[in-house]
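No experiment lies behind these values; they were computed from the predicted model shown.
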Amino acid sequence: MINKLLIAGAIMTSVLLTGCANNNTDLQNSVGSLNSEVSKLMAQVQQLESEHDTMKTAIQSATDTAQQALEDAQRANSRIDNIAASYSK
């Protein structure tokens, strides 16, 4: 009876250890897959940051150009107002 229990215990232990060994391999595969995905996401983030910086520079350039155009228009309007004022006098 004790021999049967010992044999059953040994079989159960080997089955449990085999299951743990397979889970470890699956776990390592999952971790490798996740590491790969994280690397891809980091590359995408770097690309998006680069694009963001490019857009930021373009927006600043457009803002500067618009500000310069506004100042030029104000100067032109001021000159036109001065010309119109001199004719009416």
So NZ of Lys56 and CD of Glu49: to nearest 0.5 Å the spacing works out to 11.0 Å
Once rounded to the nearest 0.5 Å, what's the spacing between atom CE of Met55 and atom NE2 of His52? 8.5 Å
Could you go through the side chain to side chain contact (heavy atoms under 4.5 Å, CB included) check for Glu51 and Gln47 one step at a time? CA-CA 6 Å; Glu51 290 175 4; Gln47 179 184 3; 3.3 Å; yes
How far does CG of Asn29 sit from CG of Leu34, to the nearest 0.5 angstrom? 11.0 Å
Distance (rounded to the nearest 0.5 Å) between Asp72 CG and Arg75 CZ: 4.5 Å
Got a donor-acceptor contact below 3.5 angstrom from the Ser36 side chain to the Gly32 backbone? no
Quick one: which of Ile80, Asn82, Asp81 gives a side chain to side chain contact (heavy atoms under 4.5 Å, CB included) with Ser78? Asn82
Between the main-chain N or O of Gln46 and the side-chain N or O of Ser50, is there a donor-acceptor pair closer than 3.5 Å? no
Quick one: pull up CG in Leu70 and OG1 in Thr65 and give me the separation to the nearest 0.5 Å. 12.5 Å
Asp64 and Gln68: side-chain hydrogen bond (donor to acceptor under 3.5 Å, both in side chains), yes or no, with the steps? CA-CA 6 Å; Asp64 292 344; Gln68 183 65 38; over 6 Å; no
